[in-house]
Amino acid sequence: MEVVRLEKVKGRAVVHRGRAAIQVGMVRVYVRAPEPIRQQILDSIEFTDIDHNSCPAQAPYAGDPGWRPDGPDVTKYQEIRSISACRYADAELVSSLRLTGEQATDALAAIGRAPEGGGPFHPAASCVPVEVEAEGIEQLVLQVDAATSGTISLRYGGCSSTGLDDGVTVRTLTRDSVTPFLQGPNRPTQDYWALMTL
């Protein structure tokens, strides 16, 4: 069955052998039901630019290989309400989760305890330049809702640009600092060198 991007069909699904498909970005919706139920289901689908955890459908770094978060330093957050962990691949939202209350506070504290310097880094001989890998890699953007809100980049899918970056300091990935964000729907679907070394 051919699946086409929604933009090309202006909101209409492609139907083949009783099954309809709509694709937007990396998300595909298949509907297999008899007509007119199929059309009722298709008519009920709503597309949004922000998901239920407040994650934008397009990554903030899309089109900007030099993008860095707009901190504050992770150790300066106060009155932490929640963290939305937005997982992106090719700069498009793949999944998300939200931590609240004590979980969010503990997760930020673990990032703050991570050593400065970034990494772990893949051997340089097998790396491409950071500018080339920046948009295509899988990574998380952590949106911190606190007294002063900000973002943190959790890069693990790259080669030479792995680490936790709050816009002020780049820190090394540690098991404690990444585990809260890489679980459930955000669990990576393949092995990444930077995570395998933790």
Side-chain angles (χ1 to χ4, degrees), residues 49-122 130-131 133-189 192-198:
D49 292 329
I50 299 176
D51 83 346
H52 62 291
N53 287 320
S54 302
C55 292
Q58 187 171 45
Y61 59 82
D64 182 4
W67 177 84
R68 288 192 73 198
D70 56 353
D73 184 287
V74 70
T75 61
K76 305 295 183 197
Y77 283 108
Q78 295 180 356
E79 299 173 38
I80 301 154
R81 291 180 284 276
S82 67
I83 303 170
S84 293
C86 313
R87 181 172 152 239
Y88 295 96
D90 296 325
E92 294 184 356
L93 185 65
V94 176
S95 62
S96 68
L97 62 82
R98 179 177 288 189
L99 303 177
T100 58
E102 192 174 319
Q103 282 186 315
T105 301
D106 292 348
L108 276 184
I111 293 172
R113 289 190 301 271
E116 294 184 12
F121 301 115
H122 199 278
V130 172
E131 302 78 34
E133 75 177 9
E135 191 165 316
I137 64 171
E138 186 172 301
Q139 62 180 298
L140 269 68
V141 175
L142 309 177
Q143 297 179 160
V144 182
D145 180 17
T148 301
S149 296
T151 56
I152 300 167
S153 176
L154 193 168
R155 294 186 180 115
Y156 57 90
C159 188
S160 57
S161 60
T162 56
L164 291 147
D165 183 0
D166 59 19
V168 178
T169 305
V170 179
R171 297 177 185 278
T172 303
L173 301 177
T174 64
R175 183 176 303 276
D176 289 343
S177 67
V178 303
T179 299
F181 308 110
L182 293 174
Q183 59 182 322
N186 281 359
R187 186 174 177 87
T189 55
Y192 288 97
W193 190 88
L195 298 177
M196 292 177 4
T197 60
L198 300 181

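The basis for the numbers below is simple: all heavy atoms, side chains too, and nothing from hydrogens, waters or symmetry mates.
Considering only heavy atoms from C-beta on, I111 stays 4.5 Å or farther from Y77 through its side chain. Put simply, the side chain of Y61 does not reach to within 4.5 Å of the side chain of S153, judged on heavy atoms.
Atom-to-atom distance recorded for I50:CD1 and L93:CG is 10.5 Å, nearest 0.5 angstrom. Once rounded to the nearest 0.5 Å, the distance linking CG of L164 with CZ of F181 reads 8.0 Å. Between T75 atom OG1 and Q78 atom CD the span is 10.0 Å, to the nearest 0.5 Å. Put simply, CZ on R171 and CD1 on I152 are 9.0 Å apart, with the number rounded to the nearest 0.5 Å. Taking CD from E79 and CG from D145, the interatomic distance works out to 10.5 Å, rounded to the nearest 0.5 Å. The OG atom of S149 sits 11.0 Å away from the CD1 atom of I83 when rounded to the nearest 0.5 Å.
For the pair Q143 (side chain) and S54 (backbone), a donor-acceptor distance under 3.5 Å is present. Using a distance-only test at 3.5 Å, with no hydrogens or angles considered, a donor-acceptor pair links the side chain of R81 to the main chain of A146. Judged purely by atom type and a 3.5 angstrom limit, D166 uses its side chain to pair as donor or acceptor with the backbone of V168. Side-chain atoms of R155 do not come within 3.5 Å of backbone N or O of D165 as any donor-acceptor pair.
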Check: Passes side chain to side chain donor-acceptor pair (under 3.5 Å), Y88 versus Q139? Steps please.
Finding: CA-CA 6 Å; Y88 295 96; Q139 62 180 298; over 6 Å; no
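Residues T169 and R68 approach most closely at N-NH2, 4.2 Å, considering heavy atoms. Nearest heavy atom pair, residue P72 against residue K76, reads CB-CB, 4.3 Å. Minimum heavy-atom separation, T151 to W67: OG1-CZ2, 4.2 Å. For the pair A104 and I80, the tightest heavy-atom approach, listed with the atom from each and the gap, is CB-CG2, 3.9 Å. Summarising the geometry of R98 relative to H52, their closest heavy-atom pair is NH2-O, 4.3 Å, with the distance given to 0.1 Å. In terms of heavy-atom proximity, A110 sits nearest to S177 at O-CB, 3.8 Å.
Partner of N186 under the side-chain contact (heavy atoms from CB on, under 4.5 Å) criterion, out of L97, V178, L154: L97 alone. Of the candidates P56, S95, S96, C86, S96 is the only one forming a side-chain contact (heavy atoms from CB on, under 4.5 Å) with D51.
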